[in-house]
Amino acid sequence: MTDTTPEIRKGLAGVVVDTTAISKVNPATNSLLYRGYPVQELAEHCSVEEVALLLWTGELPTPDELAAFEAEERAGRALAPQVRDAITRAPLTAHPMDVVRTAISVHGEIDPDTADASPEADLRKAKRLFAAVPAMVALDQRRRHGLDEIAPREDLDYSANLLWMTFGTELTEAEIDVFRVSMVLYAEHSFNASTFTARVVTSTMSDLHSAVVAAVGALKGPLHGGANEAVMHMFDEIGDASAAVAWLDEALASKRKIMGFGHRVYKNGDSRVPTMKAALDRLIAERGRDDLLALYDTLGDAMAERKGILPNLDYPSGPAYHLLGFDTPTFTPLFVASRVMGWTAHIMEQAAANALIRPLSAYDGPEQRHVPQAVSV
Ligand code: ACO
């Protein structure tokens, strides 16, 4: 690098672009705090609805605040006809992430506050979107099996209702709890790629739904949220534990990225993994799926030994969603249902202290040249 060459931080690795009060990731202590609270404590003690209010407002709700929000959320779960149509008319060849992206876009078009960018309106929009995404995800999985939509149930909380709308059967308390834990853990993670995308869109003074739609697009990629789906495809490809080590050696030899491993920020393990792995273990024990546990552990141990690279949250959440009964392509839309909390919190934080996000680039194309005279137009 010469004195005149700007320093380029590929992928913005290590670059601090702004402050945030929403979450703190500390790789040195392997910790993740939402508004100051360790995510493990939130996963142990809080409902998804409490975590949503915490992320949006900065504080855990009082019992009255929580009850008011729960009533609001339960009343906002049913899909508008336009959103339902957008989902049911989507070709079955469309990936569920494409369907939920379109459904959120339509939901934005008809939101009563769509033209109002005030902080109060943005919070109302965030709450309505949070309430509606589970029905989008559930309906899309059901229609792919030729099944009818199931109406939301106001007697169930967020987690139990999402499972009810998807499967139409009451899952056990233990199963609902595993799902709740995953939703809490996926809710927020500072300036990850999709959240940063949402902040970039917001920084142009665009609207909340446009920012969320863009974030869904960023989340879809297998280097980000798409990895939870990719983990299950990988498990299917490997088959069982006895084939895991040979499969891994071949995959690494051909320079494949092993899905569900590695992280841009955590280099000594993802702070969320132990909590999600414990939840997965409970589910595996309930279902007697020791074969899946053996595959999970064998591959994880071999990856640590070969590359020193540890699992990220997508590694335990993928098999957990599989055991709960979700189709593999539905896994990343479940991540959307949860991350909508973090995205919208960041959209509101960005809008409240906005600066257009517009980095520079270092040009490395041809020097200035001129169009030859002979070129015709
Ligand atoms: N499999 C194989 N090798 C890996 C993996 C992996 N999963 N992750 C990192 N490495 C290797 C790289 O090949 C590279 O090796 P090299 O120095 O010999 O070239 C080194 O580790 C550094 O990796 P980078 O890709 O430069 O690390 P980066 O911080 O850019 O990537 C990422 C992080 C994208 C998450 C990467 O680890 C990856 O692709 N993982 C698989 C996809 C995945 O699980 N994504 C989910 C992210 S977490 C989430 O969204 C909840």
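Since the structure is predicted, the reported quantities are computational estimates derived from the model, not experimental observations. Read the numbers this way: they start at 1 and go in the same order the structure lists the ligands and their atoms.
- Within a 4.0 Å radius of atom 37 (O) of ligand 1, the protein contributes one or more non-hydrogen atoms.
- The distance criterion of under 3.5 Å between nitrogen or oxygen atoms is not met by Tyr186 with respect to ligand 1.
- The protein non-hydrogen atom at the shortest distance from atom 15 (O) of ligand 1 is Lys307 NZ, 4.5 Å.
- Taking distance alone, with nitrogen or oxygen atoms compared against 3.5 Å, Ile258 approaches ligand 1 more closely than that limit.
- Within the 4.0 angstrom cut-off, atom 6 (C) of ligand 1 has one or more protein heavy-atom neighbours.
- Counting protein heavy atoms under 4.0 angstrom from atom 17 (O) of ligand 1 gives zero.
- Of the candidates Arg306, His263, Arg264, Arg256, His263 brings a heavy atom nearest to atom 48 (S) of ligand 1.
- A salt bridge does not link Glu367 to Arg369: none of the charged nitrogens lies less than 4.0 Å from a carboxylate oxygen.
- The nearest protein heavy atom to atom 21 (O) of ligand 1 is closer than 4.0 Å.
- Interface atoms of ligand 1 facing Asp314, defined by a heavy-atom separation under 4.0 Å, are 46 (C), 49 (C), 50 (O), 51 (C).
- The distance from ligand 1 to the heavy atoms of Ala227 drops below 4.0 Å at these ligand atoms: 43 (C), 44 (O), 45 (N), 46 (C).
- In the vicinity of Pro222, heavy-atom distances shorter than 4.0 Å reach the ligand 1 atoms 42 (C), 43 (C), 45 (N).
- No side-chain N or O of Gln350 forms a donor-acceptor pair with one of Ser203 less than 3.5 Å apart.
- Under the 3.5 Å distance criterion, with hydrogens and angles disregarded, no donor-acceptor pair is assigned to the side chains of Thr114 and Asp207.
- Of all protein heavy atoms, the one lying nearest to atom 40 (N) of ligand 1 is Phe261 O, 2.8 Å.
- You'll find the side chain of Glu44 stays beyond 4.5 Å of the side chain of Glu41, heavy atoms only.
- Put simply, the side chain of Trp343 reaches to within 4.5 Å of the side chain of Val336, judged on heavy atoms.
- At a 3.5 angstrom cut-off on N or O pairs, Lys267 counts as close to ligand 1.
- Protein non-hydrogen atoms do not reach within 4.0 Å of atom 26 (O) of ligand 1.
- Under the 4.0 Å distance rule, the nearest protein heavy atom to atom 32 (C) of ligand 1 falls outside the cut-off.
- Judged purely by distance below 3.5 Å, without hydrogens or angles, the side chains of His346 and Glu188 pair a donor atom with an acceptor atom.
- Residues Phe261 and Tyr315 bring their aromatic ring centres within 6.0 Å.
- For atom 45 (N) of ligand 1, the nearest non-hydrogen atom of the protein is Leu223 O, 3.0 Å.
- Aromatic ring centroids of His145 and Phe167 lie 6.0 Å or more apart.
- With no hydrogens or angles considered, a side-chain donor-acceptor pair links Gln141 and Thr330 at under 3.5 Å.
- The shortest contact between atom 13 (O) of ligand 1 and any protein heavy atom is with Lys257 CE, 3.7 Å.
- Put simply, the side chain of Asn192 gets close to the backbone of Ser190: a donor and an acceptor are under 3.5 Å apart.
- Within the structure, the closest approach of Gly260 to ligand 1 falls below 4.0 Å when heavy atoms are considered.
- For the residue pair Ser159 and Asp157, no side-chain donor N or O sits within less than 3.5 Å of a side-chain acceptor on the partner.
- Counting atoms of ligand 1 from 1 in the listed order, those under 4.0 Å from a heavy atom of His224 are 45 (N), 46 (C), 50 (O).
- Using modelled atom types, one side-chain atom of Thr197 and one backbone atom of Ala193 make a donor-acceptor pair closer than 3.5 Å.
- Under 3.5 Å, the side chains of Asn161 and Arg74 contain no donor-acceptor pair of N or O atoms.
- Numbered from 1 in the order shown, with element, the atoms of ligand 1 that lie under 4.0 Å from a heavy atom of Met303 read 1 (N), 2 (C), 6 (C).
- Among the atoms of Arg272, none of the N or O lies under 3.5 angstrom from an N or O of ligand 1.
- Contact annotation for Asn312 and ligand 1: only side-chain heavy atoms (C-beta onward) come within less than 4.0 Å of the ligand.
- The nearest protein atom to atom 35 (C) of ligand 1, hydrogens excluded, is given as Gly262 O, 3.8 Å; this is a heavy-atom distance.
- Atom 9 (C) of ligand 1 has its nearest heavy-atom neighbour, among Leu219, Ile309, Val273, in Ile309.
- In this structure, a donor-acceptor pair under 3.5 Å is absent between the side chains of His45 and Gln40.
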